[in-house]
Amino acid sequence: MAMLGNVLHLSPMVLATTTTTKPSLLNQSKCTKATPSSLKNCKTIDELKMFHRSLTKQGLDNDVSTITKLVARSCELGTRESLSFAKEVFENSESYGTCFMYNSLIRGYASSGLCNEAILLFLRMMNSGISPDKYTFPFGLSACAKSRAKGNGIQIHGLIVKMGYAKDLFVQNSLVHFYAECGELDSARKVFDEMSERNVVSWTSMICGYARRDFAKDAVDLFFRMVRDEEVTPNSVTMVCVISACAKLEDLETGEKVYAFIRNSGIEVNDLMVSALVDMYMKCNAIDVAKRLFDEYGASNLDLCNSMASNYVRQGLTREALGVFNLMMDSGVRPDRISMLSAISSCSQLRNILWGKSCHGYVLRNGFESWDNICNALIDMYMKCHRQDTAFRIFDRMSNKTVVTWNSIVAGYVENGEVDAAWETFETMPEKNIVSWNTIISGLVQGSLFEEAIEVFCSMQSQEGVNADGVTMMSIASACGHLGTLDLAKWIYYYIEKNGIQLDVRLGTTLVDMFSRCGDPESAMSIFNSLTNRDVSAWTAAIGAMAMAGNAERAIELFDDMIEQGLKPDGVAFVGALTACSHGGLVQQGKEIFYSMLKLHGVSPEDVHYGCMVDLLGRAGLLEEAVQLIEDMPMEPNDVIWNSLLAACRVQGNVEMAAYAAEKIQVLAPERTGSYVLLSNVYASAGRWNDMAKVRLSMKEKGLRKPPGTSSIQIRGKTHEFTSGDESHPEMPNIEAMLDEVSQRASHLGHVPDLSNVLMDVDEKEKIFMLSRHSEKLAMAYGLISSNKGTTIRIVKNLRVCSDCHSFAKFASKVYNREIILRDNNRFHYIRQGKCSCGDFCLTDDDLEVLKGCLDLGFGFNYDEIPALCKTLPALELCYSMSQKNLDDKHTPPLQLPIGRSLVPSCDNPDDVKARLKCWAQARRRRFQKGIGRSEFN
DNA sequence: CTAGGGTTAG
């Protein structure tokens, strides 16, 4: 990613020799006599500074060899301060201008991860007329390899050939390493194959190249070729690479073989190898073996601790990770920045802001904040702990500038002779990279701040040098799915294609989910069909898409296909299948799937699965069975389960059971407002106004309020959000006119407003008005007037859509010939031609017979108020056509019967409703037989 | 010259 300008065309200004800066003041009294050999004892930057001071005092500061070692030592410490000091010493001694000095600093910068600076130095050296030696190229290439500066590395390769170093073994080795690191394994292999002579390093570089990319198998193969066929003796570095390849492959067998090889060949097991072995055992899930090794080699090995801790974090064993961390501190090992990454990540997973902050403090005290990955980990931690402001502060302080921008800024400073400023430019906060942006965006998505996430994504677009990757798009697609905006979904898909972002299974799965949540199951399925290597989550997303679209049969087919393909369904997949059954009213299949979970697939049903079953049985009117299931649950039923039962009671109109369920919820989750609202709905439907008032009063006493319902609709890229009774929209007069028109036409078709949806103690007229101003109605009316004729209207609602608005949508779809897709917090409603895909409030053929009779007797009805009878789709259309005919027939106008609240308000038992309706149906048949009545129903 | 462990997603 770091691409500096063309080596040969770099502005000479950048390369201008800089003047000296003054060394910082030091505590002179503490100076001891410095000799080149005492350098080894310098462990801190202060000691190094003291050493330098002492050198200067003794007049030894022009000993090139010592100065170079000092520079190298200082670089090794790897803090900003130490590198700055190294640079200072370097600038002071530049009069010596040796190749050796340059080599040392280039290497220092490269090994500290400051590759851009290293490359700049390399370029500066090339342009200053100092001839490089065979060491300069490897150092320069190492910097290019680390920062993946492919272009610069290729240019250096050109220079190598031009200057006649192409046959040098060391240089060739570096080229192999560079190409492998940049993912150009073919080029690396070409250099490797053409070498006339190879040493361990050549082999190791190539093996490591394979191991680091996704060719771990090739790495292992090459290793065995090296030791068996070529009889080259590996060293510890080779072994570390091979072990890590086994770790990647999660191949314990080969790993153990390699370990045996090490013991037989007498290679000394060093700390790094132990770390690699521990890592390998951890990744192969042999935690106990890893732990044994860890205990054996002790906690004083920093690398080993880091390896152990990071593996614990990866497996979500955060407490164990922090335990390792504490152990380190106890044994006096100072955690480095790699340790801190694990530590911060643990705090982030634990959402422990207190420990997180103390990690941040440690980071600041040690100067680790100059590393981008440390900053990114901190941003993640603060985001997950809901300290968005702090996260953003760190994020904003990170540099926006790319290397190219840096180059020109530095050039400008150098031109004006502002050398300090030029170097300071490199000492700003680390560059914001794609991970930083991804961390912020995903943090916002996880905090349900979806619009904000998309906003940040948009501002990222204007950042030069930062390009969205698969991870970015997963977060953005997830945000889009929550917002339900199809236009955005389409744009996201287009964006991914246009920018050539690799569509792997994970991203593909997110897109399937996104399209299905945006009400476009066709696109969801076409993406699913295009995916190769589908895993269980991909299938689950497709099952969910079909379930949400109301196509339960297809969902179950997919579920069966998945099993047939040999994939093992997991808990989430079962939730998808059971939800499909529940929404499609497939009681028998749902039961079969539920009971097959443990028996056939070895997946223990969790509370969510019981919730699905309660939902399934409840919707089908099998309340007793649902209660029985709850009682048989092996775990304590939670509030979600009771809420499923309560919702079923609402549909079935079972007051007593509703009250029982609500009571349970109020104990388990007193803050759950929805249960009060549902219960008061049940009472209202049953006409038990006193009980309803009591529920509302107790809500008030507890200070609970029904969250405001909001509905949004996108018109020409702009989102319009409505709340209930909201009159702020500029087009309100037109919206109101439209609302009146729809409700008038609906009432002509026999629709009676379902006032039980109004939980207010007001008179009937007021109720009718309040009902007519529900947010989803406002959004629909606005959609009808402001979008083109015949286009689909898409609404997203935060709460569950009320039954009256559901009816309203069906009438509107029929009358205005519009497809309406309504998404609420429960499911999707695809409404076309007066019918809805959701499966609720729809009738079976059997029920239809009953309803025909009902109509025939002159009862108008409210589609949504026929509980227990409502299952299938085609029925609704028939009902519609019947009521249409009813309307046309002057002799049987729609009757205004006491059905506003419920068809049979006093009746708690759905079977009674059914029985009564059946009587009517029989009456109708008798009339037909006598030749009275209308024959078009046959 | 070559080296394990590292941040973001679900």
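Atom-to-atom, CG of A:D168 to P of B:dT2 comes out at 14 Å; the value is rounded to the nearest Å. As rounded to whole Å, 13 Å separates atom C1' of B:dT7 from atom CD1 of A:I440. In this structure, A:I394 places its CD1 atom 17 Å from P of B:dT7, rounding to the nearest Å. One interatomic measurement links the two molecules: CZ of A:R107 to P of B:dC1, which rounds to 4 Å at whole-angstrom precision. If you take CE of A:M195 and C1' of B:dT2, they are 11 Å apart, rounded to a whole angstrom. The CZ atom of A:R337 sits 12 Å away from the P atom of B:dT7 (whole-angstrom rounding). Per the geometry, CG belonging to A:N301 stands 11 Å off C1' belonging to B:dG4, to the nearest Å. Taking atom CG of A:D133 as the reference point, atom C1' of B:dC1 lies 12 Å away to the nearest angstrom.
Side-chain polar atoms of A:T238 and A:T204 form a donor-acceptor pair below 3.5 angstrom. A donor-acceptor contact under 3.5 angstrom links the side chains of A:D133 and A:T136, judged on distance only.
Dashed line: the shortest gap from a side-chain N or O of A:S307 to OP1 or OP2 of B:dG4 is not under 4.0 Å. For the OP1/OP2 pair of B:dT8 and a distance below 4.0 Å, the side-chain nitrogens and oxygens of A:S436 include no atom meeting the criterion.
Within 4.0 Å of A:Q172, counting heavy atoms only, lies no atom of the nucleic acid at all. Heavy atoms of A:D535 sit nowhere under 4.0 angstrom from any nucleic acid atom. At the heavy-atom level, A:D380 lies under 4.0 Å from the strands shown only through sugar-phosphate atoms. Residue-level contact check: A:T204 touches the bases, meaning some heavy atom is under 4.0 Å from a base atom. Among the heavy atoms of the strands, none lies under 4.0 Å from A:L507. Contacts of A:R212 with the nucleic acid, taken as non-hydrogen atoms under 4.0 Å apart, involve only primed sugar atoms and P, OP1 or OP2. If you check every strand for non-hydrogen atoms under 4.0 Å, A:V435 touches a base. Using a 4.0 Å heavy-atom cutoff across all strands shown, A:F139 reaches sugar-phosphate atoms only and no base atom. Across all strands shown, A:K384 has heavy atoms under 4.0 Å from sugar-phosphate atoms exclusively, and none from any base.
Counting non-hydrogen atoms of neighbouring residues, nucleotides and ligands closer than 6.0 angstrom, the CD atom of A:E296 exceeds 12 such neighbours.
When distances run from any side-chain atom of A:F170 to the nucleotides B:dA9, B:dA3, B:dC1, the shortest one goes to B:dC1. For A:S174, whose side chain is taken as the heavy atoms from C-beta onward, the closest listed nucleotide among B:dG5, B:dC1, B:dT2 is B:dC1. Among B:dA9, B:dT8, B:dA3, the nucleotide with an atom closest to any side-chain atom of A:V240 is B:dA3. Checked against B:dG4, B:dT2, B:dC1, the side chain of A:P138 finds its nearest nucleotide in B:dC1. In the set B:dT2, B:dT8, B:dA9, the nucleotide with an atom closest to the side chain of A:N438 is B:dT8. Listed nucleotides: B:dT8, B:dT2, B:dC1. Nearest to the side chain of A:N199: B:dC1. Distance from the side chain of A:S442 is smallest to B:dA9 among B:dA9, B:dG4, B:dG5.
With hydrogens and angles ignored, no donor-acceptor pair under 3.5 angstrom links the side chain of A:D279 to the base of B:dG4. At a cut-off of 3.5 angstrom, counting only N and O atoms as typed in the model, there is a donor on one side and an acceptor on the other between the side-chain of A:S275 and the base of B:dG4.
Using a 4.0 Å cut-off between charged nitrogen and carboxylate oxygen, A:E181 and A:K146 do not count as a salt-bridge pair.
The aromatic rings of A:Y165 and A:F137 lie tilted to each other, with the angle between the two planes from 30° to 60°.
The shortest side-chain heavy-atom distance between A:K217 and A:D251 does not fall under the 4.5 Å cut-off.
A distance-only check finds no donor-acceptor pair linking the side chain of A:S205 to the backbone of A:H177 [under 3.5 Å].
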